[in-house]
Structure formats: structure tokens, C-alpha cells
S.K.: 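One structure, pasted below without further comment.
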Amino acid sequence: MQYPIHGDVGATLKALQPLVTRNTDRRYVEKWVDKHNDLMGKTVGAYTRNAEKLVPIHPEYAASVLDDLAADDAVFTTDTGMCNVWTARYINPTGRRAFVASMLHGSMANALPHAIGAQFANPGRQVVSISGDGGFSMLLSELLTVAMYKLPVKIVLFDNSTLGMVKAEMLVDGLPDFGVDVPPVDYTGIAAAAGIHAQRVEQPEDIRGALETAFAVDGPALVQLITDPLALSVPPTITGEQIKGFALAMSKVVLNGGVGEAVRMAKSNLRNVPRP
Ligand SMILES: Cc1ncc(C[n+]2csc(CCOP(=O)(O)OP(=O)(O)O)c2C)c(N)n1
Ligand SMILES: [Mg+2]
């Protein structure tokens with residue numbers, strides 16, 4: 001380090017502002033705004049269009065409905081896994097919303113404890129815990145903390161009965177996924193037993209109503225969305241190695257007699273491949 005400086009970015013920018021002249025040429029900014037709009041519309045939008053009838057629920061669609069309904073100044077906490085990707089892609093920043101996640105450390109099960117902290121720190125604010133079933137199950141006991149302190153945390157559980165992100169990692173590495181799927185769990189029943197308003201949603205047309213009710217409830221609420229375990233996030237840029245790995249994994253799935261499984265997986269994800 002040549003010039004270590006410890007300071008406040010806001011104060012520094014204010015001090016620098018009088019020293020720079022305003023650039024009136026907006027071409028550079030507009031080029032990137034257009035590019036971003038194009039990307040959001042064509043690529044990210046493609047995941048949610050025509051998804052309102054798909055069963056099991058496509059998580060991208062559910063995330064886009066959540067984005068519509070959540071408060072303009074909500075705090076979102078999100079687990080490490082596919083649900084983190086859905087949050088990053090579909091929950092629009094409004095300038096007033098806040099996002100908390102285990103971005104660098106990548107630790108699972110963070111969403112609910114983060115939400116508890118966020119709700120204690122912001123008693124009147126809407127706090128939404130976007131949880132994966134894997135992460136949620138790891139710190140399930142925190143549900144009792146939510147109930148005990150009557151924290152009005154809204155838990156939106158993306159329940160695909162699998163460790164989705166690890167499933168994807170195995171596939172791009174050329175391995176048919178193994179040991180990641182888990183049996184279905186009645187999280188709605190567990191939450192209800194703890195005295196928390198809870199609703200299980202299997203049909204995409206029920207997502208909106210369930211979320212509206214959860215947000216309207218005076219206290220904690222859980223919405224268990226049964227989502228497609230085969231909907232895996234496709235990175236914005238795909239490397240040759242990843243394609244090779246995925247193809248190899250798929251051949252192994254087919255050779256193991258699972259052509260139906262391979263077709264199902266392709267169907268769930270083909271529309272997710274980014275198009276230029
Ligand atoms: C404590 C911890 N254990 C394991 C991992 C590796 N890991 C990253 S994501 C993931 C699966 C997450 O599953 P789930 O919460 O159901 O989310 P999904 O990917 O299915 O949306 C695992 C096992 C981790 N990041 N942190
Ligand atoms: Mg999962």
C-alpha cells in the first residue's frame with residue numbers, strides 16, 4: 001500500500017465535488033443504462049415470462065412476484081444458495097431497500113438470523129428472510145426465537161427439497177448430482193406449531209395471495225413455496241469447461257438409464273440460457 005487513507009467516502013466526495021466540473025455529455029452513461037435495460041428485459045425477463053403457469057413453481061417467477069409485493073423500503077436477507085441468485089436478479093433495489101447476505105463468506109443458514117437482527121434494529125420496517133430449505137433447516141430452531149419475541153419477520157422459503165447450488169456445482173463438474181436431494185418436509189406445519197402464520201404454496205397462481213396475506217399479518221409469517229428442484233441458475237457467462245462438465249454429467253445421467261431425468265432438467269433450464 002502506497003497511500004493508506006482512512007476516511008469517510010461521503011465527506012471525501014463532498015470535499016472533492018467543487019474541484020470537478022460537471023460532464024454534460026451523457027452518452028457514456030446512457031450506453032450502459034441501455035445495455036443494462038436490454039439485459040434485464042431479454043435475459044432476466046426471459047426467466048419469468050410465461051412462468052406463471054409452471055408447476056412446480058419456477059423460483060425466478062416467485063422472486064419476481066415477491067419483488068412486486070414487498071415494501072419499497074424492505075430489508076431483505078437471503079441465504080447462500082440458488083435463492084441468493086434469485087434475490088440478486090429479481091429483487092430490485094429501490095434506493096431505500098436494504099440487502100443482507102453472506103456474500104463473501106458464503107455461509108449457509110444466514111438469512112433467518114440476519115432477519116432477526118435486522119428486525120430488532122428496525123422494529124417498524126418490513127423484514128423479509130429469503131430462505132433456502134437447506135439453510136432454513138440448519139438453523140430451524142431460530143423459528144422459535146422469531147415466535148418468542150413476536151418478531152414480524154416474513155420468511156419466504158424457497159423449498160426445492162435439494163441443496164440446489166451444490167447440485168449445480170456437481171453438474172458443471174461432470175458429476176451426476178448425488179446426495180443433495182432431501183425428503184419433503186412440512187415446514188408450514190412446523191411453523192404453525194410454533195404459533196406462526198404459515199402457508200404452503202404449490203400453485204404459481206397462489207403465490208401472490210399468500211405473500212399478500214403474510215405481509216398483512218400482524219406478526220411473523222412463513223410462506224413455503226414448493227419450487228422446481230431442477231431450476232438451477234445459469235451464470236451470465238458460461239465457460240467451455242462448464243459446458244463440457246454439464247454435457248458429461250448429462251451423458252452419465254442418460255447412461256444410468258435416466259434419459260427422462262435429463263430431459264426434465266433440460267426443460268427446466270433451457271429457457272434460462274442467456275441469449276445475446
Ligand atoms: C455452512 C455451509 N455448509 C455448506 C455450504 C455449501 N453450500 C453452499 S450452497 C449449499 C446449498 C444450499 O441449499 P438451500 O439452502 O436449499 O438453497 P438452494 O441452493 O437449494 O436454493 C451448500 C450445501 C455452505 N456454503 N455453508
Ligand atoms: Mg434448496
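Hydrogens, waters and symmetry mates are skipped; everything else that's a heavy atom, side chains included, is used. On a predicted model such as this, the values are computed, not experimentally measured, just so you know. Counting starts at 1 for both ligands and their atoms, in listed order.
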S.K.: Tell me, which protein residue and heavy-atom name are nearest atom 15 (O) of ligand 1, and how many Å apart are they?
M.R.: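 Checked against all protein heavy atoms, atom 15 (O) of ligand 1 sits closest to Gly135 N, 2.8 Å.
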
S.K.: Quick one, Asp67 with Arg97, criterion salt bridge (Lys or Arg N to Asp or Glu O under 4.0 Å). Give me CA distance, side-chain angles, the key distance, then yes/no.
M.R.: CA-CA 11 Å; Asp67 177 47; Arg97 285 178 169 176; 2.7 Å; yes

S.K.: If two hydrophobic side chains count as joined below 4.5 Å and joins carry through other members, does Val223 share a cluster with Ile130?
M.R.: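 Val223 and Ile130: one cluster.
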
S.K.: If hydrogens are left out, which of Asn160, Asn110, Ile130, Thr80 has an atom nearest to atom 12 (C) of ligand 1, that is, the closest non-hydrogen atom?
M.R.: Thr80

S.K.: Need the ligand 1 atom indices (1-based, order shown) with element for anything under 4.0 Å from a heavy-atom of Val166.
M.R.: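 Taking each heavy atom of Val166 in turn, ligand 1 has 7 (N), 10 (C), 22 (C), 23 (C) under 4.0 Å.
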
S.K.: In the protein, what heavy atom is nearest to atom 11 (C) of ligand 1, and what distance, to one decimal place, separates them?
M.R.: Leu163 CB, 3.6 Å

S.K.: Assess the side chains of Thr87 and Thr78: does a donor N or O sit below 3.5 Å from an acceptor N or O?
M.R.: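 The answer is yes; a qualifying pair exists.
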
S.K.: Over 60° means perpendicular and under 30° means parallel, so tell me whether Phe99 and Phe76 are parallel, tilted or perpendicular.
M.R.: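 Correct class here is parallel.
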
S.K.: I'd like to know if Phe158 and Leu69 are part of one continuous hydrophobic network [Ile/Leu/Val/Met/Phe/Trp/Tyr, side-chain heavy atoms within less than 4.5 Å].
M.R.: yes

S.K.: Checking Tyr61 against Tyr90 for the ring pair (Phe, Tyr, Trp, His ring centres under 6.0 Å) test, could you report, in this order, the C-alpha distance in whole Å, the side-chain angles of both residues, the deciding distance, and whether it holds?
M.R.: CA-CA 9 Å; Tyr61 174 66; Tyr90 297 101; 9.9 Å; no

S.K.: For Asp133 and ligand 1, does the shortest N/O to N/O distance drop below 3.5 Å?
M.R.: yes

S.K.: Looking only at non-hydrogen atoms, which of Gly164, Gly134, Ser137 approaches atom 14 (P) of ligand 1 most closely?
M.R.: Gly134

S.K.: Tell me the protein heavy atom at minimum distance from atom 25 (N) of ligand 1, and give that distance in Å.
M.R.: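 Answer for atom 25 (N) of ligand 1: Gly106 O, 2.7 Å.
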
S.K.: Just to check, does Asp79 reach to within less than 4.0 Å of ligand 1 when the distance is taken from its heavy atoms?
M.R.: no

S.K.: Rounded to 10°, how big is the angle at the Mg ion (ligand 2) from Asp133 OD1 to Thr162 O?
M.R.: 110°

S.K.: Any idea which protein heavy atom is nearest atom 4 (C) of ligand 1, and the distance to it?
M.R.: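 Ranked first by proximity to atom 4 (C) of ligand 1 is Met108 SD, 3.4 Å.
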
S.K.: For Met138 and ligand 1, answer yes if some heavy atom of the residue is under 4.0 Å from a ligand atom, otherwise no.
M.R.: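 Under 4.0 Å: yes for Met138.
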
